[in-house]
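Here the structure is laid out as structure tokens; the discussion comes afterwards.
Residue numbers begin at 1 in each chain, while the letters A, B, ... track the order of the sequences.
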Protein chains: 2
Amino acid sequence: GDQAAGQAVARRQDTLTKPRGSLGRLEELVAWLARWQGREVPSLDRVKVIVFAGSHGVTAQGVSAYPSEVTAQMVANFAAGGAAINQLARVAGAELEVISLDVERPTADFTLAPAMSEPEFLAAVARGYETVEDGLDLLCLGEMGIGNTTAAAAIAAALFGGIDQWIGRGTGVDDAGLGRKAAAIEVAVKLHGEVLHDPLRAAAAVGGRELAAMLGATLAARHKGVPVLIDGFVCTAAVAPLGKLHAHGLDHAIAAHVSAEAGHGRLLSAMNLKPLLDLGMRLGEGTGACLAVNMLRSALACHIGMASFADAGVSEKAE
Amino acid sequence: GDQAAGQAVARRQDTLTKPRGSLGRLEELVAWLARWQGREVPSLDRVKVIVFAGSHGVTAQGVSAYPSEVTAQMVANFAAGGAAINQLARVAGAELEVISLDVERPTADFTLAPAMSEPEFLAAVARGYETVEDGLDLLCLGEMGIGNTTAAAAIAAALFGGIDQWIGRGTGVDDAGLGRKAAAIEVAVKLHGEVLHDPLRAAAAVGGRELAAMLGATLAARHKGVPVLIDGFVCTAAVAPLGKLHAHGLDHAIAAHVSAEAGHGRLLSAMNLKPLLDLGMRLGEGTGACLAVNMLRSALACHIGMASFADAGVSEKAE
């Protein structure tokens, strides 16, 4: 990142008519935007939400509360403007793009075989990479994929160890389904044990196409100077390999929220990410990321629009 | 509130294309708006932020990091559009009104005498009451007043006991100032001890005009069907007497955020209020309340704009 740009923001913040630091995380957010956009006055003119959709062979193990055809049905709902993310993107002033990654062709059931071969995985990463255009000011990541909290939990297990701590109800699976989810991940961890030490090979073996695409998009955003808002549990797990591969690999990304999905708070802690919002959401689609856009717009408006003590003739703190 | 309107919202939420409850607090917020606006489809067309400003005699005790003339200077800054709240109100699509309550005439130093006489207190409450017009859809409360975290801490001490737990740095007072703040409140609690069992008389004895006005505005909002967003520590203490007088006296109000001011989290807990946001802010002016408006707009947009499972042809959860 551009440290000088971030420091310029911090210097200006200290001249504005408020006690120093009193806008809390709003001040940090502007410095972060400046650092990763590489300019002293950041912009939020072009904000984009990309929702990646994929289908999961592991749904054959009965891990989800919803039938797997819902993934394609929701892609149609996105196109028709009827999903939560359509409304939230509009309120946030963000463009919305939906990328369907072979939704009609599920990944392999990773209790039996790797979810994706290496070429399949890399194709999905590349597809995500390509979706990030030049000139974006902010990227919000989202996903849709019945079964994908199971894939996310498997990636978390591979990268950070343990199994049960990553298992949650996803779209609302019952206790029996929760047991099947844990069992599926146990089987997968044994089956793919040899490759799980490698974050990218783990993501191929037990992840999913939409997760791989989010990883690719996050990489592209880093190269193109686009700050990223991470959404919920699935999104966080999808980009986790980048943090594992490099200690600063996710510095250009902020966790927009902590969801109600059981493992999300733990995963964020394991990755040293501090979420902006905690509203008990668990919908995915980029809904949490999109909500946080409003925070960023508010933070930036203060930074750009506020008067300084000198300009406004306001007395400074007595030293 | 209108329970039927709230229930109608909950019923509609359960038909929308998302797992039930997966929008978390966003779903509750819409039901809360419906209940207090008294209509099944709430509106956020007219959102207003009112910032009440007042001056405090207790500043003579050296309790603040800033000189007391900053209060009037900031009122001028609000009028000129240079403060944080000006920017945040614009982003939130809210009207902003600033009410100066005799800023040139401080309350009495409450370490020596009651801050306000009964008529003075009631005049400030009435002033606040009158500012709430008919037809508002949401009211955000804000305040400005050098010295007013000392008044707020004194009210909290009067209503909930203890002293030190309510003492914080406000605009950034140093350790010596923090000691003077605690000492002032100790003196005040002894001096006014006889009346502190009565929440309104306590608010007159150790509060401030802008705090009294926020209490009046919150009362008016209840009578006029206007939901209220409470801002930070000062605002929360200002309306606390209403919660003390009646267990449901603040049901039409939501805590927009928990601030970085030391006593705020404790005060919210004591009042059973669960804040929406936690961003380390401590600026007042209604800045936290205004930020939360974006959450409400997002919540309402989902409620109104989303397709149902039936309309979108999305399969429901397997039972």
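For chain A, the nearby part of B/Glu316 is the backbone; its heavy atoms alone come within less than 4.5 Å. For B/Leu23, the parts lying under 4.5 angstrom from a heavy atom of chain A are both the backbone and the side chain. If you measure heavy-atom distances from B/Arg20 to chain A, the contacts under 4.5 Å come from the backbone alone. If you measure heavy-atom distances from A/Ala80 to chain B, you find no contacts under 4.5 Å at all. For a residue to count as touching a neighbouring chain, one of its non-hydrogen atoms must lie under 4.5 Å from one of that chain's; by this rule B/Phe309 touches chain A with the side chain only.
Here the side chains of A/Leu279 and B/Leu276 are in contact, with some heavy-atom distance below 4.5 Å. The side-chain heavy atoms of B/Thr171 and A/Ser22, taken from C-beta on, include no pair separated by under 4.5 Å. Side-chain contact check for A/Thr287 versus B/Leu26: every heavy-atom pair is 4.5 Å or farther apart.
B/Lys18 places no side-chain N or O within donor-acceptor distance of the main-chain N or O of A/Ala84, the cut-off being under 3.5 Å.
With sequence neighbours excluded, no residue satisfies side-chain hydrogen bond (donor to acceptor under 3.5 Å, both in side chains) with A/Thr59.
Residue A/Glu69 comes nearest to B/Ser315 through the heavy atom pair OE2-OG, 3.5 Å, listed as atom of the first residue, atom of the second, then distance.
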Subject >> Full working for side-chain contact (heavy atoms from CB on, under 4.5 Å) between A/Asn294 and B/Val91 >> reply: CA-CA 8 Å; A/Asn294 301 305; B/Val91 173; 6.0 Å; no
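For a heavy-atom cut-off of 4.5 Å, chain A lies close to no residue in residues 46-57 of chain B. Contact annotation for residues 70-77 of chain B against chain A (heavy-atom separation below 4.5 Å, listed by residue number): B/Val70, B/Gln73, B/Met74, B/Asn77. Contacts between residues 253-262 of chain B and chain A, defined by a heavy-atom separation under 4.5 Å, are made by no residue at all.
When the candidates B/Gly313, B/Ser298, B/Ala312, B/Ala83 are compared by the number of heavy-atom contacts under 4.5 Å with chain A, B/Ser298 comes out ahead. Ranking A/Arg282, A/Met281, A/Glu27 against chain B, the residue ahead of the rest is A/Arg282, based on heavy-atom pairs under 4.5 Å. The residue among A/Arg25, A/His303, A/Met306 with the most heavy atom pairs within less than 4.5 Å of chain B is A/Met306. Put simply, of A/Asp278, A/Leu283, A/Asp174, A/Asp311, the one with the most heavy-atom pairs under 4.5 Å next to chain B is A/Leu283. Annotation: maximal heavy-atom pairing with chain B below 4.5 Å, among A/Ser308, A/Gly305, A/Gly172, occurs at A/Gly305. The greatest number of non-hydrogen atom pairs below 4.5 Å with chain A, out of B/Ala92, B/Gly81, B/Gly21, is found for B/Gly21. The most heavy-atom pairs under 4.5 Å with chain B, out of A/Leu16, A/Leu29, A/Leu88, come from A/Leu88.
Going from atom CE of A/Met295 over to atom CG of B/Leu291 covers 5.0 Å, rounded to the nearest 0.5 Å.
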